[in-house]
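Only one structure is covered here, and it is reproduced in the block below.
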Amino acid sequence: MSAEVKTMEEREETSVELSSFIASVITAAMQRVDVTQRELAEQTGITQSYISQICSGKKIPTLEKLEKMSRILGISLRDFFPEDTMRAEDTPFTMLTRNEILLIQFYRSMGKKQQKLIFDLAVATITRDSA
């Protein structure tokens, strides 16, 4: 019985992590394109109440709703799903701050040359600071 309860707890924890992540992606994109929840609701046909629940991490939207929102917000569906590379094995995903998530998203939206420049700058800064 305890293994079954643990599995349910793990599912709930994963669901909370995903809903929080999706909420942060949507909220950041809304701020970037200067769209309110009301405007997003009007443009997608999704109720404002439901969008509010998504933005607060209380609901996980369907793929259809994510697609509608992504079109309006100018983001990819891939942006809604955290990848394994975003978390170290020994660090729970929930340990990432909103700024860290945004930084990862901005990095992923860059071209390869821009990513290399940013990466080289980070390595140089870390190397210099630790010397």
Side-chain angles (χ1 to χ4, degrees):
M1 178 95 175
S2 64
E4 189 175 312
V5 171
K6 186 175 182 184
T7 302
M8 291 175 73
E9 288 172 359
E10 288 172 348
R11 274 194 215 153
E12 188 173 304
E13 191 173 304
T14 301
S15 177
V16 169
E17 289 174 6
L18 181 60
S19 64
S20 295
F21 180 79
I22 290 172
S24 69
V25 171
I26 292 172
T27 303
M30 288 173 62
Q31 290 173 350
R32 191 181 80 253
V33 298
D34 195 27
V35 171
T36 65
Q37 288 181 8
R38 183 171 151 241
E39 292 167 332
L40 186 59
E42 289 170 357
Q43 294 177 31
T44 60
I46 302 168
T47 67
Q48 184 177 350
S49 172
Y50 193 77
I51 288 178
S52 175
Q53 291 176 24
I54 293 169
C55 290
S56 63
K58 294 178 183 172
K59 295 279 186 186
I60 298 176
T62 63
L63 192 55
E64 179 185 351
K65 286 181 173 58
L66 284 177
E67 194 275 326
K68 287 179 180 182
M69 289 185 283
S70 68
R71 262 189 281 128
I72 302 302
L73 299 174
I75 55 179
S76 167
L77 281 176
R78 284 185 21 195
D79 295 329
F80 288 108
F81 301 96
E83 296 180 17
D84 289 339
T85 57
M86 291 182 67
R87 46 180 143 165
E89 286 184 17
D90 57 346
T91 305
F93 179 69
T94 54
M95 297 300 289
L96 288 177
T97 66
R98 180 183 169 136
N99 285 341
E100 290 168 328
I101 292 169
L102 289 173
L103 185 60
I104 291 167
Q105 290 171 340
F106 290 138
Y107 179 81
R108 288 182 177 167
S109 71
M110 296 175 184
K112 294 293 181 193
K113 286 183 181 180
Q114 291 173 315
Q115 287 180 347
K116 183 173 180 352
L117 285 171
I118 295 296
F119 182 80
D120 291 345
L121 177 63
V123 169
T125 303
I126 293 167
T127 305
R128 184 192 70 220
D129 289 349
S130 62

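Between the S52 side chain and the Q48 main chain, no donor and acceptor come within less than 3.5 Å of each other. A distance-only check finds no donor-acceptor pair linking the side chain of T27 to the backbone of S24 [under 3.5 Å].
Between T47 and A41, the closest heavy-atom pair is C-CB, 4.0 Å. Contact between S19 and G57 at its shortest, heavy atoms only, is OG-O, 3.0 Å. In plain terms, the two heavy atoms of L40 and V35 that are nearest each other are N-CG1, 3.6 Å. The minimum heavy-atom distance between A23 and C55, with the atom names listed, is CB-O, 3.3 Å.
Atom OG1 of residue T44 and atom CD1 of residue I51 lie 4.0 Å apart, to the nearest 0.5 angstrom. Put simply, CD1 on I46 and CG on L66 are 8.0 Å apart, with the number rounded to the nearest 0.5 Å. Taken to the nearest 0.5 Å, the CG atom of L117 stands 8.0 Å off from the CD atom of Q114.
With hydrophobic clusters built from ILVMFWY side chains whose heavy atoms lie under 4.5 angstrom apart, L77 shares a cluster with I75. Linking ILVMFWY side-chain heavy atoms closer than 4.5 Å, directly or via other members, places M69 and L63 in a single hydrophobic cluster.
No more than 12 heavy atoms of other residues, nucleotides or ligands shown are found within 6.0 angstrom of NZ on K59. Counting heavy-atom neighbours within 6.0 Å of R38 CZ, excluding the residue itself, gives a total of 12 or less. Atom CG of D120 is surrounded by more than 12 heavy atoms from other residues, nucleotides or ligands within 6.0 Å.
A heavy-atom distance below 4.5 Å is not found between the side chains of V25 and L73.
For the side-chain contact (heavy atoms from CB on, under 4.5 Å) test with Y50, the passing option among Q37, K65, K58 is K65; the others fail.
Remark: E67 pairs with R71 by the salt bridge (Lys or Arg N to Asp or Glu O under 4.0 Å) rule, at least two apart or across chains.
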